[in-house]
Amino acid sequence: MCDCLFCKIAAGEIPSRKLYEDDELLAFYDIAPKAPVHFLVIPKKHISSLMEMTAEDSGLLGRLVFRAQELAREQGCGERGARFVFNCKADGGQTVPHVHLHVLGGRVLDWPPG
Ligand code: 5GP
Ligand code: ZN
């Protein structure tokens, strides 16, 4: 039994506002949005962070990025753009140890982040 929050969301054991789902990916709105558009795209496979990705995960995570930009377009970010972020481990500010790509848009975002 996987004791991971995003595995539970992927399995439907914890509810989420879904944006997109297929057999290997899930996109859902962030519970605490930091921008008018803020959703997460995860692989259903448990990979704890980007640092734990293997060469075999390249295709899966490539498809995840492709899907993220398609969804960003659907959310109205195609023209003005968006930010696509993988927070990774402690220094990267990752709080949920299951790979997720943040997509933030709908406003101008500051750089550098805190
Ligand atoms: P991290 O800090 O790991 O990069 O991002 C984790 C994100 O997951 C945060 O933006 C946080 O708001 C979001 N989050 C945490 N728990 C839940 C939850 O139960 N449901 C949803 N939809 N988002 C969550
Ligand atoms: Zn997981």
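Just so you know, ligand 1 is whichever comes first in the structure, and atom 1 is the first atom listed for that ligand. Bear in mind the structure is a predicted one, so any value in this text is a computation, not a measurement.
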Contact check: [X] vs ligand 1, nitrogen or oxygen atoms, below 3.5 angstrom:
{"X": "H100", "result": "yes"}
{"X": "V96", "result": "yes"}
{"X": "I14", "result": "no"}
{"X": "G93", "result": "yes"}

Under 4.0 Å from a heavy atom of [X]: give me the atoms of ligand 1 that qualify, with their elements.
{"X": "Q94", "answer": "3 (O)"}
{"X": "A32", "answer": "12 (O)"}
{"X": "H102", "answer": "1 (P), 4 (O), 5 (O), 7 (C), 10 (O)"}
{"X": "F6", "answer": "8 (O)"}
{"X": "T95", "answer": "1 (P), 2 (O), 3 (O), 5 (O), 6 (C)"}
{"X": "F28", "answer": "21 (C), 22 (N)"}
{"X": "L40", "answer": "8 (O)"}

Measure the distance from atom 12 (O) of ligand 1 to every protein heavy atom, then report the residue, atom name and distance (to 0.1 Å) of the closest one.
D30 OD1, 2.5 Å
Considering only N, O or S atoms, which atom of H98 is nearest to the Zn ion (ligand 2)?
ND1
Could you walk me through whether Y20 and R67 pass side-chain contact (heavy atoms from CB on, under 4.5 Å), step by step?
CA-CA 9 Å; Y20 175 83; R67 185 60 59 191; 3.4 Å; yes
